[in-house]
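Below: the structure, in structure tokens.
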Number of protein chains: 2
Amino acid sequence: MPTDRSSAGDPARTLALLWREPGHGASGRGPKQGRTIDEVVNTAVELADTAGLEAVTMRRVAQALDVAPMSLYTYVPGKAELLDLMLDTVYAQMPRADHADRPWRARVEAIAEENRALFERHPWVAAVSTVRPPLGPGLMGKYEHELRAFNALGLDDVEMDAALTYLLSFVQAAARAAAEVRASQHDSAMNDEEWWAANGPLLAKASDATKYPTASRVGTAAGETHGGPYSPDYAYAFGLRRVLDGLGALIESRVGD
Amino acid sequence: MPTDRSSAGDPARTLALLWREPGHGASGRGPKQGRTIDEVVNTAVELADTAGLEAVTMRRVAQALDVAPMSLYTYVPGKAELLDLMLDTVYAQMPRADHADRPWRARVEAIAEENRALFERHPWVAAVSTVRPPLGPGLMGKYEHELRAFNALGLDDVEMDAALTYLLSFVQAAARAAAEVRASQHDSAMNDEEWWAANGPLLAKASDATKYPTASRVGTAAGETHGGPYSPDYAYAFGLRRVLDGLGALIESRVGD
DNA sequence: CGTTACTCTGTACACCGTACAGGATACACA
DNA sequence: TGTGTATCCTGTACGGTGTACAGAGTAACG
């Protein structure tokens, strides 16, 4: 359930919020705000971390801040912009250690790991859309940092962006799948093994192995190996190697390295 | 917004529905159902195709069938199971041409294209979760067909499953991104170019290019090349080459080919 | 000191999935 | 043939969502 992100509403207002420009209530007239934007955003992030993105409702955020729901709209134009601010905040908190002296594979793998850690600490991030990202300081710093991993590899600017997008898209897809697995185990009250045990026999009866020989052989082998129909960890490890090899084919065709 | 899928409720009931087992109202007592399950599912699919997944509500599906909303619950245990049936239905309609005589790259690329076509005809499919897929005839046929592309490449069963999962995950992520771009252009009343034109200058003022030199250089180059912040077509073409190269490194390490 | 801009709040609306109870229907069986 | 009963269909209702709107209170400006 990727929740809606800003893109609606006034882009200028959204940018001003992201960069914390003083605007809006700068005239000073009227009562001061009882909370700060950062308190609102941090509360929402904590709520999302502990209770999931679907728990981030204007009413619940307001309740956590001990404020009436409609008061939030004096801090933020709407929920979409709040999500933008949440995203940029967690982006800003990511580590930015310099990897310049390491070989390119290690650099790229480090970027992947940093993002994997982000999705582990904030699983809800995997569920929100990242086309048209929130152009705040958090994203800019992240983008700058991550692009550097692709420096001096013989790629042109457009290819650098594409390579990074490709890498991040893989990590996000893996994290999304992992989050979906966790969610399905949580709200179905039966874990993967139980589900597999309950569905396997029924499935064998309904579909016969003679009609889908490859599928039943491979599916059974994979299911037994992973202890369920899908293993996020294995999929990430397997996929990351392919991603690195795929980028390697491009990079090594450009520079001897 | 990946909507919830079954996994809740009785797995046996769901499987019986997917395989169209006669069960449930088989006793014949009472009035006959005025619609068929297929009518319900097909109506929901059409609704999703033309108006998006968020338009698929029990009320709207019922209205399209000229039936009271609660009547749907005599055909289907709930919305999650309806989604399972929708998914399996569109899976069943995918082409299954035999690619056995073509080289492996062409086979794998054909699988990618078939899925890309699926996501183009039914954009909502990209938004629903595929861990714990609906184990119906549609999915089984698809799985069987797609696994064959990885036959005789020296991969063991677990690797075949992982390779296919990796490929499909890429295509789905690309389709998701494409759908999100379309959605953001649709509901924000401004297309990517307008958004870029509106945000570019503001962004340049807020963030300065000296602080994010790589980001602004690369971002500008990519934005100008794609006519916006993200080009789904370019990302797909770029990514598919990397995916094939990455799988190639694995495959060619197993068999001389 | 009055005006005015601003914060905060309660109420209300349209929508969602679906639990529940009751009426209509048509087969199974005495 | 009459009756019991399983099933279909329906209307109403509940708790949830984001947020539009109107009003009350507050503090700085002219």
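Atoms considered below: every heavy atom in the structure, side chains included; atoms not considered: hydrogens, waters and symmetry mates. To find a chain, count down the sequence lines: A is the first, B the second, and so on, and within it residues start at 1.
One atom, CG of Asp66(B), and another, P of dC8(D), lie 19 Å apart when rounded to the nearest Å. For Leu65(A) and dT7(C), the CG to P distance is 16 Å, given to the nearest whole Å. The separation between Arg60(A) atom CZ and dG18(D) atom P is 10 Å, rounded to whole Å. Computed from coordinates, the Tyr75(B) OH to dC8(D) P distance equals 8 Å when rounded to whole Å. The distance between atom CZ of Arg29(B) and atom P of dG4(D), rounded to the nearest whole Å, is 13 Å. Here the P atom of nucleotide dG18(D) and the CZ atom of Arg59(A) are 7 Å apart, to the nearest Å. Summarising the geometry, the separation between NZ on Lys79(B) and C1' on dC15(C) is reported as 12 Å, rounded to the nearest angstrom. Between Gln33(B) atom CD and dA24(C) atom C1' there is a gap of 15 Å when expressed in whole angstrom units.
Of the side-chain N and O atoms in Tyr73(A), none sit less than 4.0 angstrom from OP1 or OP2 of dC8(C). The phosphate of dT7(C) has neither OP1 nor OP2 within less than 4.0 Å of any side-chain N or O from Ser71(A).
Comparing Pro69(B) and Val67(A) by the nucleotide of DNA chain C that holds the closest heavy atom to each, the one mapping nearer the 5' end is Val67(A). The nearest heavy atom of DNA chain D to Met70(B) and to Lys32(B) marks one nucleotide each, and the one closer to the 5' end goes with Lys32(B).
The side chain of Met58(A) has dG18(D) as its nearest neighbour among dG18(D), dG25(D), dG17(C).
In this structure, Arg35(A) forms no cation-pi arrangement with Tyr75(A), as its terminal cationic atom is not both closer than 6.0 Å to the ring centre and no more than 45° off the ring axis.
Using the six-membered ring where Trp is involved, His226(A) and Tyr234(A) have ring planes that are tilted, between 30° and 60° apart.
Asp161(A) and Tyr143(A) are linked by a side-chain donor-acceptor pair at a separation below 3.5 angstrom, with hydrogens and angles left out of the test.
Side-chain contact between Leu168(A) and Lys142(A) is present, with at least one heavy-atom pair separated by less than 4.5 Å.
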